[in-house]
Amino acid sequence: MRPIRLSATVDSPRERVFDYLADIANHVEFRDHYLKDFRLERAESRGIGAAASFRVAFGSSLWGEVVIADLERPYRLFLTGQTGRLGRVKIGSRYTLTSFGQDMTRVEYEVSTTSTAVTDRLREALGGRAWLMRQSRKALRRLAQVLEEGEPSSHAARVAAG
């Protein structure tokens, strides 16, 4: 699938946005409208190697997993993963953060998938790409809302208390 590229401006400093995104446990807070049953795959949810599995709420509700593959503080986060039947659909996504104005951040999000089976490519062609674009756009709006409200996520609050 051709990459989907979206962007949003968040009224929060770049370092804060980066720290929030670098903890994969926080992703459920702005992606739970289309990623269900979100589960961490290891105890440490921050940094390279942090992983989560989830059910994608599209059609037959396929399972997927994603891992933080690389971090370039405070500029980029790379995630890789797989979904679909037997993990046939490979996923790659990237967040690029740039300073914008005073204490604001421009978040650019790119996601692409690579399908090996004809049925998976057909699913993408018959609405999967458009569905993913809508869900990703909503997730970016929710990310901005969460960070602009200034309240820590339940995970961040738990870590600070522990």
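Using a 4.5 Å heavy-atom cutoff, the side chains of Met133 and Leu6 are in contact. By the 4.5 Å heavy-atom criterion applied to side chains, Thr98 and Thr105 are not counted as neighbours. Leu143 has its side chain within reach of Leu21: a pair of non-hydrogen atoms, C-beta onward, lies under 4.5 Å apart. Glu41 places none of its side-chain heavy atoms less than 4.5 Å from the side chain of Val67. Contact annotation: the side chain of Ile24 approaches that of Leu40 to within less than 4.5 Å [non-hydrogen atoms, C-beta and beyond].
Between Ile68 and Ala22 the shortest heavy-atom distance is CD1-O, 3.4 Å. Across all non-hydrogen atoms, the minimal contact from Lys36 to His33 is NZ-O, 3.6 Å. The minimum heavy-atom distance linking Arg42 with Ala50 is given by the pair NH1-N, 3.5 Å. In terms of heavy-atom proximity, Glu29 sits nearest to Arg142 at O-NH2, 3.4 Å. Residues Val111 and Ser136 share a closest heavy-atom pair of CG1-OG, 4.4 Å. Nearest heavy-atom pair, Thr9 versus Ala144, reported as atom, atom and distance to 0.1 Å: O-CB, 4.2 Å.
When the side chains of ILVMFWY residues are joined at heavy-atom separations under 4.5 Å, either directly or via intervening members, Tyr20 and Leu71 end up in a single hydrophobic cluster. Linking ILVMFWY side-chain heavy atoms closer than 4.5 Å, directly or via other members, places Phe78 and Ile4 in two distinct hydrophobic clusters.
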(request) Evaluate the side chain to side chain contact (heavy atoms under 4.5 Å, CB included) criterion for residues Val66 and Phe54: first the C-alpha distance (whole Å), next the side-chain angles of each, then the deciding distance (0.1 Å), finally the verdict. (result) CA-CA 9 Å; Val66 69; Phe54 48 83; 3.8 Å; yes
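Interatomic distance, Ser53 OG to Asp37 CG, rounded to the nearest 0.5 Å: 8.5 Å. Considering OG1 of Thr96 and CD of Glu110, their distance stands at 7.5 Å, rounded to 0.5 Å. Taking CG of Leu35 as the start and CH2 of Trp63 as the end, the distance is 10.5 Å to the nearest 0.5 Å. Note that CD1 of Ile91 is 10.0 Å distant from CG of Leu79, once rounded to the nearest 0.5 Å.
Residues that satisfy the salt bridge (charged side-chain N to carboxylate O under 4.0 Å, His left out) test with Glu108, not counting sequence neighbours, are absent from this structure. For the side chain to side chain donor-acceptor pair (under 3.5 Å) test, residues two or more places apart in sequence or in another chain that qualify with Arg73 are Asp19. Shown here are the ring pair (Phe, Tyr, Trp, His ring centres under 6.0 Å) partners of Phe30, two or more places apart in sequence or in another chain: His27.
Hydrophobic clustering, defined by side-chain heavy atoms of Ile, Leu, Val, Met, Phe, Trp and Tyr closer than 4.5 Å, leaves Tyr75 isolated from every other such residue. As a member of the Ile/Leu/Val/Met/Phe/Trp/Tyr network built from side-chain separations under 4.5 Å, Phe100 groups with Met104.
A distance-only check finds no donor-acceptor pair linking the side chain of Thr80 to the backbone of Gly92 [under 3.5 Å].
The salt bridge (Lys or Arg N to Asp or Glu O under 4.0 Å) analysis of residues 62-72, with sequence neighbours excluded, yields the pairs Glu72-Arg76.
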